[in-house]
Amino acid sequence: MLRIDYLSIAGLPPLSFEVAPGQCLAIEGPSGSGKTRLLRAIADLDPAEGYVFLEGVERAEMAGPLWRRRVRFVSAEPAWWAATPRAHFSPAARLDRLLATLGLEHLNLDQPVAQLSTGERQRLALVRALADDPPVLLLDEPTSALAATNAALASEFIKFQILAGRIVILVSHDTVQIERLATARLHLSDVVWPAASESAAA
Amino acid sequence: MNSVALSNTDLLSAALLLAINGAISVAFGLRLELNLLLASVRMVVQVAAIGFVLKFVFAQSSPLWTAGVAMLMLLLAGYELIARQERRFKGWWSYGLGNATLLFASGVATLYAVTVVIAPSPWYAPRYLLPVLGMVLGSTLTSVSLALQTLAEGIERERGAIEARIAQGGTRFAAFAPLLRRAMRTATTPLLNIISVAGMVTMPGMMTGQILAGADPTAAARYQIVLMFVMAGAAGLGAFAAAFGGVLLLSDNRHRLRLDRLAPFASVR
């Protein structure tokens with residue numbers, strides 16, 4: 001169980017919600033509404049007031065790297081710190097199945113990352129995020145750079161992760177994908193300060 | 001140790017050479033004559049002032065006066081360091097990190113040089129301590145400023161890669177390692193160049209000065225070699241402390257990247 005308690009993101013009221021294993025919460029809202037910042041705060045990549053519990057343990061109770069090994073943020077624009085894809089994985093990682101489910105079975109892991117297409121890199125980022133089996137996935141626009149067939153593959157892949165019992169929070173503009181994957185939805189433009197809604201009415 | 005003492009007339013006749021420079025500037029419309037004049041006057045005042053201050057401090061031979069001048073030199077170097085930074089840390093740390101690094105690296109190297117290597121009696125004799133500190137500060141200033149600059153420039157460009165590694169559960173040290181290595185490398189390179197060409201391409205200024213002042217050239221060479229090693233040590237320590245301190249400042253104990261601690265670009269003079 002991932003429990004968010006009064007988490008403060010600038011421009012939003014404190015947020016509280018829970019996502020259970022095998023559930024997928026979709027976060028929607030216009031650009032700039034704080035979707036990415038919310039995911040980053042849950043992964044403890046940015047300082048944010050409030051509490052985030054995973055299986056009853058608050059993020060501050062464990063070291064940051066340990067938390068992020070469990071709560072994995074996948075950026076909409078994945079970045080790479082080494083020259084080849086292989087250098088981003090531990091030598092012991094078993095990647096064949098992950099690569100195959102995302103249609104990357106023919107990818108040469110020793111060619112420069114820069115030579116991969118944007119779509120290949122985005123799918124490879126999913127493989128990288130899953131390689132060490134984190135229980136929580138925070139996906140920021142995971143299929144934004146993918147062609148239709150590959151986006152379908154990736155959606156299928158995420159569906160499989162949810163069925164396998166992972167906790168997934170998904171930010172997406174793709175309503176079909178949200179319909180297909182989400183077990184609950186949070187619309188950030190719906191959560192407003194009481195004061196703000198009053199002044200909007202006036 | 002006898003050499004020709006220079007009189008005021010000698011200084012004036014040397015200044016004639018500067019006049020040639022000024023004349024060229026006027027003749028070819030370089031419009032540098034005013035700058036040339038101001039810079040020369042400034043140089044004369046500064047160098048003469050240092051001469052008088054050092055003469056005074058040498059005469060006192062008191063550890064307090066020596067420490068005072070040393071502190072002043074450190075502060076001036078710290079100020080110069082900040083002025084050179086294009087991208088500074090916010091608030092107090094902007095001064096804190098640079099000055100702490102300078103103090104640490106120059107202090108360790110200088111104290112080692114005067115207590116263990118040169119070891120005059122007393123070890124704090126200003127005639128040895130202050131010139132050594134001056135040279136050490138020069139090389140530390142270069143290496144610290146290069147380390148901080150490389151770090152600040154690199155962090156902007158490699159932000160994505162660093163955060164990807166952090167998001168993947170890496171520690172801040174793992175995430176920063178490539179940048180840290182590059183910053184230290186860049187910071188140490190100028191000193192390596194100076195060392196490798198010293199005596200071949202350039203005649204080090206300190207050695208030239210000693211020889212002109214009447215010292216035995218081989219004795220001057222010994223001093224130069226010792227000082228090169230001391231400067232190398234200080235530059236290395238400075239590069240390490242600045243780069244490492246910079247990484248600690250740009251991340252927090254939750255191993256998050258904290259670019260918010262970097263101030264916007266400042267104008268450099």
Side-chain angles (χ1 to χ4, degrees), chain A residues 10 36-37 39-49 52 54 58-85 87-90 93 113-114 121-122 124-140, chain B residues 87-94 96-97 147 150-186 243-264:
Chain A
T36 299
R37 283 181 291 138
L39 292 191
R40 289 176 56 90
I42 295 172
D44 204 7
L45 285 167
D46 290 327
E49 296 276 315
V52 184
L54 176 61
E58 215 279 318
R59 64 198 155 142
E61 290 175 54
M62 62 173 85
L66 216 56
W67 177 262
R68 290 184 280 270
R69 243 169 264 164
R70 292 167 170 74
V71 180
R72 180 63 41 81
F73 171 70
V74 186
S75 170
E77 288 165 357
W80 307 88
W81 61 81
T84 65
H88 292 84
F89 297 98
S90 93
V113 173
R121 284 201 293 267
Q122 194 164 35
L124 195 62
L126 284 172
V127 175
R128 181 175 67 179
L130 265 304
D132 60 344
D133 205 20
V136 181
L137 274 182
L138 312 175
L139 304 174
D140 192 0
Chain B
R87 195 85 203 268
R88 297 173 195 164
F89 295 105
K90 265 188 195 160
W92 188 84
W93 277 111
S94 167
L97 178 67
T150 311
L151 203 63
E153 275 170 15
I155 207 166
E156 200 69 54
R157 202 175 40 240
E158 286 165 37
R159 167 192 189 154
I162 292 171
E163 273 214 323
R165 199 144 188 193
I166 289 174
Q168 202 65 22
T171 66
R172 52 175 155 174
F173 304 107
F176 272 105
L179 185 55
L180 192 69
R181 211 174 289 130
R182 195 144 47 80
M184 290 200 275
R185 243 186 116 84
T186 310
F244 217 75
V247 166
L248 289 182
L249 273 184
L250 291 171
S251 57
D252 60 18
N253 58 0
R254 304 285 306 154
H255 296 257
R256 295 181 286 223
L257 182 61
R258 297 297 296 272
L259 283 186
D260 53 317
R261 292 184 183 160
L262 214 51

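So you know, we letter chains A, B, ... as the sequences are listed, proteins then strands, and number each from 1.
Using non-hydrogen atoms only and a strict 4.5 Å limit, the part of residues 171-180 of chain B facing chain A consists of B/Thr171.
Checked against salt bridge (charged side-chain N to carboxylate O under 4.0 Å, His left out), A/Asp46 has the following partners two or more places apart in sequence or in another chain: A/Arg40.
Counting only residues at least two apart or on different chains, the salt bridge (Lys or Arg N to Asp or Glu O under 4.0 Å) pairs with a member in residues 253-263 of chain B are A/Asp44-B/Arg254, A/Asp44-B/Arg256, B/Asp252-B/Arg256, B/Asp252-B/Arg258, B/Arg258-B/Asp260. Sequence neighbours left out, the pairs with a member in residues 63-81 of chain A that pass side-chain hydrogen bond (donor to acceptor under 3.5 Å, both in side chains) are A/Arg72-A/Asp132.
Summarising the geometry of B/Gly169 relative to A/Pro65, their closest heavy-atom pair is O-CB, 3.4 Å, with the distance given to 0.1 Å. Nearest approach of B/Ala161 to A/Ala79, heavy atoms of both residues: N-CB, 3.5 Å.
Heavy atoms closer than 4.5 Å to chain B are found nowhere in A/Pro78, neither backbone nor side chain. When heavy atoms are compared at a cutoff of 4.5 Å, A/Ala43 does not approach chain B at all.
Of the listed residues (B/Glu163, B/Glu158, B/Arg165), the greatest number of heavy-atom pairs within a distance under 4.5 Å of chain A belongs to B/Arg165.
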